[in-house]
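Read the structure below first, then the notes.
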Amino acid sequence: MSKDIQKKVEALREKIEYHNHRYYVLDAPEISDQEFDALMNELIELEQTYPEYQSPDSPSQRVGGEPLDKFPRVSHEIPMLSLENAESQKGLLDFHQRVSKNTQKTDPVYVAELKIDGLALSLRYEQGILVRGATRGDGTTGEDITPNVKTVRSIPLKLSKPLDIEIRGEAFMSKASFERLNQEKAERGEDPFANPRNAAAGSLRQLDPKIPAKRDLDFFPYSVPYIRGENLDSHYSAVKELKDLGFKINPYIRKFETMEEVISYCEEWQEKRTKLPYEIDGVVIKLNDYNLQQQLGATSKNPRWAIAYKFPAEQAESQVNNIFIN
Ligand SMILES: NC(=O)c1cnc(OC2CCCC2)nc1N
């Protein structure tokens, strides 16, 4: 009997994670929400009947377990640095000058990414299993919020390869989920969140994981500070690897040969950002080649091989819109 139950539980888990990936990462579901819920309810029932089969990587953790009384503190062996800001196009050209001068490369390849306005997370996987999710904190000490991180549907609980790896990225809430949440809070007479970033941060810092589980949080990875057994030679190859491992990758990431192209990408998204389903506050520009990154290194605060182009504060008109929507 027990062998059969174990097989059934494991088969259910795989099926549920497969459909979770289809829906939340590929945006291409194959079954209805009702069918998915039925699979999840069946798994939860089996795990409650046979607690000996509970497992940290079970998708039942995505709906949240028991509340914690506090978050343990964690240290980031590799500090989570912050980005130096460029307030203008001239700042980007100065950055390019510094990079070219210090790497003797006049034509380095850059990667440009939308700067998602959310909460930085560090994810640790051992043999491909998510074992720890932590906030950035002050860059060297963060909070272990693993049960809450497991409720973010686009964060894989198990990678497609059994790797020991650390992955960092931005957890965020879409504009639509933010408006819906504030609507619900208003109906309950609760104070609304000021913006999606606060809503995402506030949700992930709840001691009861059942709360973030209902908040439709999302995640885009943006760096691989540590990987064992594979050597990645560039940021772009790391992003490809993240996609292969099961993560959702932001579709607007681009490689550019010149800073002029980077600047026009920044101008393009400064105009188009209101059309995105999530908030961005700029563009992140990174030197693609890991050897060149290594050559430039980092200060105690920022990497010298990356910079953030921050958009000027959002036009007043769009703020007014938000007030009326709320
Ligand atoms: N908010 C973002 O979208 C974002 C933040 N950070 C980074 O890169 C880290 C890696 C090295 C220092 C900054 N990339 C991003 N896309």
Side-chain angles (χ1 to χ4, degrees), residues 17 20-21 24-25 40 44 47 54-82 115-159 163-174 177-178 181 185 190 193-226 242 245-248 278-279:
E17 271 308 280
N20 184 85
H21 185 260
Y24 290 103
V25 175
M40 182 66 90
I44 290 169
E47 288 181 350
Q54 304 248 339
S55 155
D57 69 321
S58 172
S60 59
Q61 314 255 322
R62 288 192 181 286
V63 296
E66 293 314 307
L68 300 178
D69 54 14
K70 65 173 178 47
F71 294 123
R73 307 191 79 61
V74 295
S75 69
H76 299 296
E77 283 77 34
I78 302 170
M80 291 181 76
L81 301 177
S82 45
K115 189 168 180 298
I116 311 299
D117 195 2
L119 180 78
L121 293 182
S122 156
L123 309 175
R124 281 231 325 243
Y125 291 82
E126 286 170 5
Q127 303 295 313
I129 305 291
L130 178 64
V131 295
R132 192 184 86 179
T135 62
R136 178 179 178 284
D138 63 7
T140 45
T141 307
E143 290 164 310
D144 184 327
I145 56 164
T146 306
N148 294 351
V149 165
K150 289 183 175 178
T151 72
V152 181
R153 300 323 194 259
S154 50
I155 291 180
L157 300 176
K158 185 173 177 185
L159 302 176
L163 291 178
D164 290 355
I165 184 171
E166 181 180 353
I167 288 152
R168 292 172 181 175
E170 201 82 1
F172 66 95
M173 187 181 287
S174 71
S177 301
F178 167 69
L181 175 60
K185 285 178 96 60
E190 290 171 13
F193 282 110
N195 53 52
R197 191 216 160 283
N198 289 7
S203 303
L204 281 168
R205 298 172 53 79
Q206 292 287 328
L207 289 166
D208 179 357
K210 287 190 171 53
I211 295 177
K214 296 194 188 86
R215 295 248 173 114
D216 200 18
L217 292 164
D218 210 333
F219 180 82
F220 283 127
Y222 57 57
S223 91
V224 182
Y226 172 78
L242 289 167
L245 290 173
F247 283 90
K248 175 163 72 172
Y278 41 78
E279 289 198 347

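Atoms considered below: every heavy atom in the structure, side chains included; atoms not considered: hydrogens, waters and symmetry mates.
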Over all heavy atoms of both residues, which pair between [X] and [Y] is shortest? Give the atoms and the distance, please.
{"X": "Asp208", "Y": "Lys210", "result": "OD1-N, 2.9 Å"}
{"X": "Arg73", "Y": "Thr141", "result": "NE-CG2, 3.8 Å"}
{"X": "Pro67", "Y": "Pro209", "result": "CA-CD, 3.9 Å"}
{"X": "Lys248", "Y": "Ser154", "result": "CE-CB, 4.3 Å"}

Partner set under salt bridge (Lys or Arg N to Asp or Glu O under 4.0 Å) for [X], not counting sequence neighbours:
{"X": "Arg197", "answer": "none"}
{"X": "Asp144", "answer": "none"}
{"X": "Lys158", "answer": "none"}
{"X": "Asp117", "answer": "none"}

**Report entry** Tyr278: side-chain hydrogen bond (donor to acceptor under 3.5 Å, both in side chains) partners, not counting sequence neighbours
**Finding:**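 If we apply the side-chain hydrogen bond (donor to acceptor under 3.5 Å, both in side chains) test to Tyr278, skipping adjacent residues, the hits are Asn250.
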Query - Partners passing side-chain hydrogen bond (donor to acceptor under 3.5 Å, both in side chains) against Arg168 (at least two apart in sequence or in another chain) - result: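 Counting only residues at least two positions away or on another chain, Arg168 forms a side-chain hydrogen bond (donor to acceptor under 3.5 Å, both in side chains) with Glu166.
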Look only at the side chain of [X] and the backbone of [Y], and say whether a donor-acceptor pair between them is shorter than 3.5 Å.
{"X": "Glu170", "Y": "Lys115", "result": "no"}
{"X": "Ser203", "Y": "Pro212", "result": "no"}
{"X": "Lys185", "Y": "Glu190", "result": "no"}
{"X": "Asp57", "Y": "Leu157", "result": "no"}
{"X": "Arg124", "Y": "Gly133", "result": "no"}
{"X": "Arg153", "Y": "Tyr24", "result": "no"}

Requested in this report: For the pair Leu130 and Leu123, evaluate side chain to side chain contact (heavy atoms under 4.5 Å, CB included) and give the outcome as yes or no after the intermediate values.
Outcome: CA-CA 7 Å; Leu130 178 64; Leu123 309 175; 4.1 Å; yes
Rounded to the nearest 0.5 Å, what's the gap from [atom1] on [X] to [atom2] on [Y]? Could you check?
{"X": "Thr140", "Y": "Met80", "atom1": "OG1", "atom2": "CE", "value": "11.0 Å"}
{"X": "Ile145", "Y": "Leu68", "atom1": "CD1", "atom2": "CG", "value": "10.5 Å"}
{"X": "Met173", "Y": "Phe193", "atom1": "CE", "atom2": "CZ", "value": "6.5 Å"}
{"X": "Leu242", "Y": "Leu159", "atom1": "CG", "atom2": "CG", "value": "9.0 Å"}
{"X": "Glu77", "Y": "Ser122", "atom1": "CD", "atom2": "OG", "value": "8.5 Å"}
{"X": "Gln61", "Y": "Lys150", "atom1": "CD", "atom2": "NZ", "value": "4.0 Å"}

Query raised in the report: So Ser60 and Gln54, side chain to side chain contact (heavy atoms under 4.5 Å, CB included) or not? Walk me through it.
Result: CA-CA 9 Å; Ser60 59; Gln54 304 248 339; 5.8 Å; no
Query raised in the report: Given Phe172, which of Phe220, Phe219, Phe178, Tyr222 fulfils the ring-ring contact (aromatic ring centres under 6.0 Å, His included) condition?
Result: Phe220
4.5 Å side-chain heavy-atom contact, [X] and [Y]:
{"X": "Phe71", "Y": "Asn148", "answer": "yes"}
{"X": "Ile155", "Y": "Leu217", "answer": "no"}
{"X": "Asp216", "Y": "Asp218", "answer": "no"}
{"X": "Glu126", "Y": "Ile129", "answer": "no"}
{"X": "Pro59", "Y": "Asn20", "answer": "no"}
{"X": "Pro156", "Y": "Phe247", "answer": "yes"}

Requested in this report: Could you tell me whether the side chains of Ser55 and Ser58 share a donor-acceptor contact shorter than 3.5 Å?
Outcome: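 Side chains of Ser55 and Ser58: no pair found under 3.5 Å.
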Report task. Decide if atom CZ of Arg132 counts as having more than 12 heavy atoms of other residues, nucleotides or ligands within a radius under 6.0 Å. Result -> yes
